[in-house]
There are 2 protein chains.
Amino acid sequence: MKTLKTNRIFQGDCIAIMESLPEKSVDMVFADPPYNLQLGGDLHRPNNTRVDGVDDAWDKFASFAEYDDFTRRWLAAARRVLKDDGTLWVIGSYHNIFRVGASLQDMGYWMLNDVVWRKTNPMPNFRGRRFTNAHETLIWVAKSESSKYTFNYESMKELNEGLQMRSDWTLPLCTGAERLKDAEGAKVHPTQKPESLLYRVIMASTNPGDVVLDPFFGTGTTGAAAKKLGRKWIGIEREQDYIDAARTRINSVEEISDTSLLVTPSKRSEPRVPFGNLVERGMLKPGDVLYDPRGKAVAKVKADGTIVSAEHKGSIHKVGAAIQGAPSCNGWTFWHFKTGDQMVAIDLLRQKLRAEMAGKELN
Amino acid sequence: MKTLKTNRIFQGDCIAIMESLPEKSVDMVFADPPYNLQLGGDLHRPNNTRVDGVDDAWDKFASFAEYDDFTRRWLAAARRVLKDDGTLWVIGSYHNIFRVGASLQDMGYWMLNDVVWRKTNPMPNFRGRRFTNAHETLIWVAKSESSKYTFNYESMKELNEGLQMRSDWTLPLCTGAERLKDAEGAKVHPTQKPESLLYRVIMASTNPGDVVLDPFFGTGTTGAAAKKLGRKWIGIEREQDYIDAARTRINSVEEISDTSLLVTPSKRSEPRVPFGNLVERGMLKPGDVLYDPRGKAVAKVKADGTIVSAEHKGSIHKVGAAIQGAPSCNGWTFWHFKTGDQMVAIDLLRQKLRAEMAGKELN
DNA sequence: AAATTAGTTGAATCTAACC
DNA sequence: CGGTTAGATTCAACTAATT
């Protein structure tokens, strides 16, 4: 009978190494596999600086079929080491996550949630040809439909100021001091995940003393978060540079007992409401007429949330300022609409919309 | 040669009906297919019949295969009616979206974005055994990697108050007056989508006059939003009750008469002005000196509309790029000329010329 | 010392028209 | 079809330099 050695990094291929570990010995697997990005040539920012993209060999696959084959093999190995009541998390982007999700279902894993990591500070879309890619997707599965999996509902609720934790998590990228750099100041790993993400994953789905395994360990974010939270960990990684960085990093981590310290306070400030939202939601229609407070100047609402007057066009604030010859203008209080023979400021509509959203804009 | 009849609902199976429509005739497809929900341990087929005795992996696989088969068939029919530069949207939840996404990729569709609809008011998780399911996922694809698809970047940016639209959209569920109810006050359709969601989808990826097809029309949210935004629409639906509700609903929608309120012109769509035209028209003379934004680097205008600096010669763009050592450069905003002691970008002259040209076209 | 400004950077399938 | 060229395009955080 093999015993499981924890709190260590195994170097090598994650499939072979997982196959060598005792079966049904791990409580949770967190996996951040290659995304199979398929990037083309260089990408430059509008200021002509070059984006330092992911071009590592480990992210290259010849075809979807090859990627699927790789996915199924590591998922099978993970399934073997996972306890029957254990769960597994995978993170990915639209390049790979749909394939991973379908494979998970095909292999008998039972989906519990898909969770969206909303990035507060994503990289913009520099060419203006798509929506800003501002999120990544995590899939959380149990080993089977009948698993008695761990979910720390109360902890999650506390973490979210007394409201149920939702399936969308708003967290920043890993930057600044948290981001590991080499001697030359270059990032050690191209896609280091923020520890805050792993805190939440580990706290939600494991208990203190549980074993967390990460088959794509990289620079050890999973190990660092697990140690902080009093969980045991196992990392598997091929690259020596990543392993060195992870060892140093995890050695310097101190366990914390007071997990309330991990709470990331949610923003309670009033949500910003773009004027266009009123139009989208039918509170105002394209073609509706807006009036200045005296009912003289007029402007028409456009479908995209801008407005046009006889001489100006742009946002409610811009056109309001231009009409008054003022440097700035609060369009919300300047512009009015007619309802019956009353004139009402459009700010009323904003207040209405905020009231609908009140208490519901979590995170 | 078949012609495409628009602004109507076809009753029947969406695959058969799409196969009967002319090929490459539709600009955009929006699809909200059955979700294959697995509630209470029972699996449901896309047609809502129950699958018997399913608690082993083989049966699950068989059922997923059936759902995949259905998915691939309607996606193939949609692909046929879609123009080569058209795009397709699908919305789903974790029950089905991963399978749909993988099928899309397998069939040669090219992913542009996955978009998350964050619900402001989701249904809470009553048992406290999972995260509150607070979002759904949309996938936006082009027909192929080389498609010249429509994306109204500027409109989306305006709608988001001057910032790029992100891949996460915060919108409420369809409730209140918008939610269609029958005579007894029961909801007509179990999963009626909010019009605000369709408003954004349609405005982002189509132009006024384009044809939008929805193969799972339900109560016609897609048709209502399309009509509001001056797009043509085609709905396919099997259930008579839904069709009746959709007809009444769409008939009561008013179209905008002033279609100029529907679009934000992009810079890309403005007429191209060769730099040489400025010289031809005497707005700049051969020998005139151009400066970079800091007033340091200089170049002289030649009669043929090229420029020469100390070390480079060629177009305004080429020389600007060479001087900066950059891969590219927008010469219109880079180069300036002196008027009095002011430095003005040559783009101003282009704007002047465009204004003159627009005036002439009106005559 | 504190505040302001300038520079850097992040899992990115990132152009379109013309010859 | 491929190759060439015109020319359009960025947000939030953090760090370093400057006032």
Side-chain angles (χ1 to χ4, degrees), chain A residues 32-56 58-61 64 91-97 117 119-137 172-179 181 185-187 189-194 216 218, chain B residues 85 105 109-114 140-142 144-149 151 153-154 157 160-167 266-276 305-306 314-321 326-335 346-347 350:
Chain A
D32 182 10
Y35 285 11
N36 191 22
L37 286 185
Q38 307 170 50
L39 302 180
D42 280 353
L43 177 66
H44 291 86
R45 300 185 180 82
N47 66 4
N48 274 322
T49 57
R50 192 179 144 276
V51 174
D52 183 15
V54 179
D55 59 351
D56 306 73
W58 50 253
D59 197 45
K60 303 248 191 298
F61 295 84
F64 284 134
I91 184 167
S93 67
Y94 67 82
H95 309 85
N96 71 323
I97 199 66
W117 169 28
K119 303 176 183 181
T120 56
N121 49 349
M123 185 156 76
N125 185 290
F126 296 119
R127 281 346 226 329
R129 293 300 294 141
R130 301 180 177 196
F131 299 101
T132 306
N133 211 337
H135 74 275
E136 293 187 26
T137 302
L173 293 173
C174 178
T175 58
E178 190 188 333
R179 188 82 193 224
K181 304 278 173 62
K187 52 193 178 192
H189 194 284
T191 68
Q192 186 182 340
K193 295 291 174 291
F216 307 97
Chain B
D85 290 338
Q105 291 179 314
Y109 285 103
W110 187 248
M111 283 206 185
L112 299 171
N113 277 112
D114 60 335
W140 182 39
V141 293
S144 76
E145 184 177 355
S146 57
S147 290
K148 303 262 179 282
Y149 59 92
F151 178 54
Y153 175 76
E154 288 79 10
K157 197 170 171 179
N160 195 35
E161 289 213 320
L163 293 177
Q164 289 190 337
M165 186 68 81
R166 298 166 40 115
S167 58
S266 72
K267 286 191 187 170
R268 284 180 228 267
S269 65
E270 289 196 272
R272 197 170 275 205
V273 176
F275 176 71
T306 59
S315 72
I316 51 171
H317 313 293
K318 240 180 156 170
V319 177
S328 69
C329 165
N330 183 342
W332 292 107
T333 51
F334 181 75
W335 293 108
I346 58 174
D347 197 40
R350 181 170 64 159

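Each chain gets a letter, A, B and so on, in the order its sequence line appears, and its residues count up from 1.
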[atom1] gap between [N] and [M], integer Å:
N      : M      : atom1 : answer
C:dT8  : D:dT10 : C1'   : 13 Å
D:dT19 : C:dA1  : C1'   : 12 Å
D:dA12 : C:dC14 : P     : 23 Å

Kindly say if [X] contacts the phosphate of [N], meaning a side-chain N or O under 4.0 Å from OP1 or OP2.
X        : N      : answer
B:Lys157 : D:dT9  : no
A:Lys187 : C:dG10 : yes
B:His317 : D:dA6  : no

On DNA chain D, nearest-nucleotide positions of A:Thr132 versus B:Trp332: which is more 5'?
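Whichever sits nearer the 5' end wins; that is B:Trp332.
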With DNA chain D as reference, determine whether A:His44 or A:Ala177 sits nearer its 5' end, using the nearest nucleotide of each.
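On the 5' side of the pair lies A:His44.
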Return yes if the base of [N] and the side-chain atoms of [X] contain a donor-acceptor N/O pair under 3.5 Å, otherwise no.
X        : N      : result
A:Lys119 : D:dA13 : no
A:Thr120 : D:dA13 : no
A:Arg45  : C:dG10 : yes

Taking the six-membered ring for Trp, are B:Phe151 and B:Trp140 ring centroids under 6.0 Å apart?
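Yes; B:Trp140 has its ring centre under 6.0 Å from that of B:Phe151.
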State yes or no: are the ring centers of A:Phe216 and A:Trp58 separated by less than 6.0 Å?
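Distance test on ring centres: not under 6.0 Å, no.
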Choose from C:dG10, D:dG7, C:dA11 the nucleotide whose nearest atom is closest to any side-chain atom of A:Asp52.
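Within the option list, the nearest is C:dG10.
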Which part of the nucleic acid, if any, lies within reach of B:Tyr153 when heavy atoms closer than 4.0 Å are counted: base, sugar-phosphate only, or nothing?
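Sugar-phosphate, no base atom in range.
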For D:dA6, the Watson-Crick or wobble partner whose two distances fall under 3.5 Å
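Per the H-bond distance test, C:dT15.
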Rounded to whole Å, please give me the gap between CD in A:Gln38 and P in C:dA11.
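These atoms are roughly 19 Å apart.
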May I have the distance from A:Phe216 (atom CZ) to C:dA11 (atom C1'), rounded to whole angstrom?
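Taking CZ of A:Phe216 and C1' of C:dA11, I get 15 Å after rounding.
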